[in-house]
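Structure first, then comments.
The shown structure was predicted, so the numbers you read here are calculated from the model rather than taken from an experiment. Proteins come first, then strands; the chains are lettered A, B, ... in the order of their sequence lines, and each starts at number 1.
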Amino acid sequence: MKMTSFFAPTLRDDPSEAEVISHKLMLRGGYIRKLAAGIYSYLPLGWRVIKKIEEIIRKEMNEAGAQEVLLPAVQPAELWKQTGRWDVYGKELLRMKDRHERDFCLGPTHEEVITDLVRNNVSSYKDLPLMLYQIQTKFRDEIRPRFGLMRGREFIMKDCYSFDRDPEGLRISYEKMEAAYRRIFDSCGLRYRVVNADPGAIGGGFSQEFMVTAQTGEDEIVHCSHCSFAASKELSKIETDNSCPKCSEGVLKVERGIEVGHIFQLGQKYSSSMNAEFLDETGARRPYVMGCYGIGVGRTAAAAIEQNHDQNGIIWPMQIAPFHAALVPVNSSDPIQSDTAKVLYEELTALGLEVLWDDRDERAGVKFKDMDLLGLPVKIILGKTLSEGKVEVSVRSSGEKILMSPSEVKHFKPFDPYLRKRTV
RNA sequence: CGGGGAGUAGCUCAGCUUGGUAGAGCACCUGCUUUGGGAGCAGGGGGCCGCAGGUUCAAAUCCUGUCUCCCCGACCA
């Protein structure tokens, strides 16, 4: 993509409406724009990041045996009345009426809809287990939306639901999901902890949260300095600096985190109230044993920024960066630089690499500042070293700069996983 | 919803106390110079001062109402 034709309106000043770093940087970098409180447009850069995260999620969900569906965002009140949540959910549920004065709501979550779908179309134990997921825009009329994508009212969420015949089946489905979640956040290049949590309004029994660690996180996590023990602070009621209840070798420390995923063992909460049942081998009717598994996609992007940034801007992990590299000819009026840029751009792009070519007629400083703000993992700089036949490859996270010939750029290690493998 | 703060150009803000008909920096457009970390000079475009009403000869400025946005609390991916 050429910068001159790319829609990425960057700002020099922090917008006054933004308080947290991810919100500031996403606005400044031209990733998002606000339409109303807690409601944002994703600009090309922001949408690219969202799609990267979504693809990682899809891959792991599919491999875990879940199948992708897309459920309606607009849902009839009747379903919500069956589970009692029409009255319980409160003002967070955005309600509306159609032209016939029938009650509807904008889905904040989809337990009712998915349970309805499955009860109407699955009736035998032979069809279980079943795992279905979707990636969709949710709406929750939060009392106080804030921090940009961190807590929006409209937000993109991956929600997955498992249907099993018994608690043992649920345990297996849940463990598959937990493992898939670990792979997802690993693949996103994030550091995180898995903590035992309070199921809250969704209900059910056991639940765990996936917390991306960052000093700016809203939640406090107690974790062991020695083993993998971790719990949310309010739930654990454990004092810090005590010894670990699990391994007793480590000492408990507090850390801050951002909740990006939450997985629940729901049990029969929804299937019972909605009469969602299957027939077992004996012909007996039994309610499904359910689990549900959510990931905040936009929040994951925001959390990645909270965890990975510096004074100059975002530092994306390569896996979810909107582009793998920035191509920066320092002086755009230098024909050697622009010719080399064109050749390199075409070569790298043909190999499958996503390159943002800063072909603007700007001074070097402007381009460097902008590319650092955007947080692209690698800058390929064509400048004074070009007279010696070298380009400079600069790593955003470490500041490391490596001189190499233009033809060597495609062999730069960090690009490896993203190169289209050619059949020989 | 309770408490606090703010709405003036695309962004950051000044002007408001003491009413006299709107400014700066950045961004944008044109020209010239410049080209390795947010350049310089010259010229230019852009704002019914959130909205409605009131006071006044006169309102960005004073008064009333209203909407929106942000921060702290309860909620959550």
Item to check | Parallel, tilted or perpendicular: ring planes of A:Tyr293 versus A:Tyr174, cut at 30 and 60 degrees | outcome: tilted

Checklist entry - Does A:Phe368 lie flat on the base of B:G36, that is, centres under 5.5 Å apart and planes under 30° off? => result no

Item to check | Whole-angstrom distance between B:C57 and B:U12, as gauged at atom P | outcome: 38 Å

Next on the checklist: Pairing check on B:C16: which nucleotide meets the Watson-Crick or G-U wobble criteria with it, both distances under 3.5 Å?
Outcome noted: none

Next on the checklist: Quick check on B:A27: is either OP1 or OP2 less than 4.0 Å from any side-chain nitrogen or oxygen of A:Arg12?
Outcome noted: yes

Checklist entry - What interatomic distance, in whole Å, is found between P of B:G36 and the corresponding atom of B:G20? => result 49 Å

Item to check | Greater than 12 external heavy atoms within 6.0 Å of A:Glu388's CD | outcome: yes

Checklist entry - For RNA chain B, whose closest nucleotide is more 5', that of A:Arg360 or that of A:Arg144? => result A:Arg360

Checklist entry - So, is A:Arg146 near the phosphate of B:C72, with a side-chain N or O under 4.0 Å from OP1 or OP2? => result yes

Next on the checklist: Quick check: on RNA chain B, is the nucleotide nearest A:Arg28 upstream (toward 5') of the one nearest A:Glu154, or the reverse? Name the residue that is more 5'.
Outcome noted: A:Arg28

Checklist entry - Is a side-chain donor-acceptor pair under 3.5 Å present for A:Tyr270 with A:Arg85? => result yes

Checklist entry - Looking only at side chains, do A:Ser187 and A:Gln319 share a donor and an acceptor under 3.5 Å apart? => result no

Next on the checklist: Please report the distance separating the P of B:C62 from the corresponding atom of B:C16, rounded so that it comes out in whole Å.
Outcome noted: 10 Å

Item to check | Between B:C1 and B:G15 - P atom distance, rounded Å | outcome: 33 Å

Item to check | Gap in Å between the two P atoms, one belonging to B:U8 and one to B:G4, rounded | outcome: 22 Å

